[in-house]
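Notes follow once the structure below has been shown.
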2 protein chains.
Amino acid sequence: MLTDERFALILDCVKHQDIVKIQELVERTGASESTIRRDLTELENKKFIKRVHGGARLLKGKLQEASVPEKSSKSLHEKKKIAQFAASKVEKGDCIFIDAGTTTQQMIGYLPHTEIVVVTNGLMHVEELLERGIKTYLIGGAVKPRTNAMVGRGALESMKAYRFDKAFMGTNGVHPEFGYTTPDPEEAQVKELAISLTREVFMLADDSKIGEIAFASFGKIQDAFLIVNELEEETVSVYQKLTTVKVVGS
Amino acid sequence: MLTDERFALILDCVKHQDIVKIQELVERTGASESTIRRDLTELENKKFIKRVHGGARLLKGKLQEASVPEKSSKSLHEKKKIAQFAASKVEKGDCIFIDAGTTTQQMIGYLPHTEIVVVTNGLMHVEELLERGIKTYLIGGAVKPRTNAMVGRGALESMKAYRFDKAFMGTNGVHPEFGYTTPDPEEAQVKELAISLTREVFMLADDSKIGEIAFASFGKIQDAFLIVNELEEETVSVYQKLTTVKVVGS
DNA sequence: TCAAAAACGATCAAAAACATTCAAATATGT
DNA sequence: ACATATTTGAATGTTTTTGATCGTTTTTGA
């Protein structure tokens, strides 16, 4: 049996059974255990399957990616500083938009008032907002599995019914020329619309995002008040020519 | 049996039975008690289940927990029977609406296909739907704190963009004359609109709702296929004059 | 309340699965 | 045909998983 034949057979097994034992593969291919192991190792490197003790498993978010409670505590602390400053900008009676994402989520705990109205596209924010007794609106649309953000036509339509005093946005890239960028074009659409509906936009970005460019752009640097945790003097001045910048320090 | 196979089996048991004994798992997996204990410990650490003396329990997300104060396991079992039958009505390729509520939530675990599109107004449903890899749309609007249901103008507007093959609704009252009723007028609006956008409506009601009348009406008996857990012969015939009734028995 | 029964966590040795190495078999290129 | 590269399977020692045991804690029922 050829190598590629074995590969096909293995992938077929995994696809149909979700999980397959090495012994079963040995039996079905007639190859030795060593060979199967080598095959599995290679298929794992090529990101086709996930090896587990005793066999291999389908590589999918089915059971694996469900829980994401892990955070690097360093970057979390940075995010908290940024979030805290951003939250201080919220005034009683404001109608604000809070973008989906982990940095913006941190804001919720620091919000200085509960007499505000919050609109968000981040499913994960809702629980904490309600817990604090804040009037919460969620925009509609398709739910993006990995990030639990609302995207798509429904999200855009649904958001057009609102106007915001302030918006707090996350971003994956901040660049003087290319502006604010994010990897997902659908999320970019939502962000772009949110910005256009808002009087005063705040962009929350930790230092790892500065100078980066992701795939989809959703705004120019001057569209938002930029909040970062740390930044060299010279870099700050570049951005300060374009917009207001606040370095919260770490 | 591989570790991951056991994990899948355990999670499956917990999801369908809410609670599972160690002995049952030993029996079903063929593994030793020690191994099952280790598995449960690990699954608890990964936040998939909650260990209890003698077994393990479903770990509900806080969003779900909030709205489900405490349910007698009897009525939960009834709900499951109803949900199971309702789920069997879903066919591959369907676009369905699933109403907010605990009974409809039970359906998700029993859905026979994942090649469907689900629209819901129930925030608590989203997590489980995505976990099963189902394409999920959430309608927009205000989030109702106690039930985590989407209501209000935004919800209505946002739903109008969809049409459904089937809808699965919960209700607080079922009455021959007054039809289906619920205490909250805002939720009633949403339900009413959902029904009007759907070809085939299923109403899920346990026996405690039969003959009851709540404040706000959202449909006549004949608007939906009625699914109940148990019902006296004579009562059944009353409703059967008006619509199709399925008694799933307990 | 108390004692028996059940469930528990910790420990340890056996078993299974593992990566690595090496030589034989096979394929490839000149 | 020859030398070289690749693939294969067996043998090696190592790591992970497993099931049994034991003393402790929790639950149960009188």
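Note that the coordinates shown come from a computational prediction; the quantities given were computed from them, not determined experimentally. Chain letters run A, B, ... following the sequence lines, proteins first, then strands; residues in each count from 1.
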Choose from C:dG9, D:dA10, D:dG19 the nucleotide whose nearest atom is closest to any side-chain atom of B:Arg37.
-> C:dG9
Please list all pairs passing the salt bridge (Lys or Arg N to Asp or Glu O under 4.0 Å) test where one or both residues lie in residues 98-112 of chain B, with sequence neighbours left out.
-> B:Asp99-B:Lys191
Send over the distance from B:Glu42 CD to C:dG9 P, rounded to a whole Å.
-> 14 Å
Does the pair A:Arg37/A:Glu33 count as a salt bridge with the N-to-O cut at 4.0 Å?
-> yes
Could you state the CD1-C1' distance from A:Ile36 to D:dT8, rounded to the nearest angstrom?
-> 12 Å
With sequence neighbours excluded, residues passing ring-ring contact (aromatic ring centres under 6.0 Å, His included) with A:Phe178 = A:His175
Take atom CZ of A:Phe7 and atom C1' of D:dT8, then tell me their distance rounded to the nearest Å.
-> 13 Å
Provide, to the nearest angstrom, the distance between the CD1 atom belonging to B:Ile19 and the P atom belonging to C:dA7.
-> 13 Å
Within the structure, does a side-chain N or O atom of B:Ser34 lie under 4.0 Å from either OP1 or OP2 of C:dC12?
-> no
Closer to the 5' end of DNA chain C via nearest nucleotide, is it A:Gln23 or B:Lys21?
-> B:Lys21
Report yes if at least one side-chain N or O of A:Arg51 is closer than 4.0 Å to OP1 or OP2 of C:dA19; otherwise report no.
-> yes
Any A:Thr3 side-chain N or O less than 4.0 Å from OP1/OP2 of D:dT8 | yes
B:Arg6 side chain, from C-beta outward: closest of D:dA10, C:dC8, D:dT18 = D:dT18
Partner nucleotide of D:dT24 by Watson-Crick or wobble geometry (both distances under 3.5 Å) = C:dA7
Can you check the A:Glu44 CD to C:dA19 P distance for me, whole Å?
-> 9 Å
Atom pair distance, as rounded to whole Å: CG in B:Asp39 and C1' in C:dG9 | 15 Å
When rounded to whole Å, the CG to P distance for the pair A:Asp4 and C:dA27 reads 15 Å
Under a 4.0 Å N-O cut-off, is there an ion pair linking B:Lys46 with B:Glu42?
-> yes
Hey, does A:Val26 reach any base, or is it just sugar-phosphate, or nothing, if we go heavy atoms under 4.0 Å?
-> nothing
Paired nucleotide for D:dA30 [Watson-Crick or G-U wobble; both distances under 3.5 Å] = C:dT1
A:Thr35 side-chain N/O to D:dG9 phosphate OP1/OP2 under 4.0 Å | yes
Are the charged groups of B:Glu186 and B:Lys144 less than 4.0 angstrom apart, N to O?
-> no
Any idea which of D:dT18, C:dT21, D:dT27 is nearest the A:Arg38 side chain?
-> C:dT21
Report the distance from atom CD of B:Glu33 to atom C1' of C:dA6, rounded to the nearest whole Å.
-> 9 Å
Between D:dG9, D:dT16, C:dC8, which one does the side chain of A:His53 approach most closely?
-> D:dT16
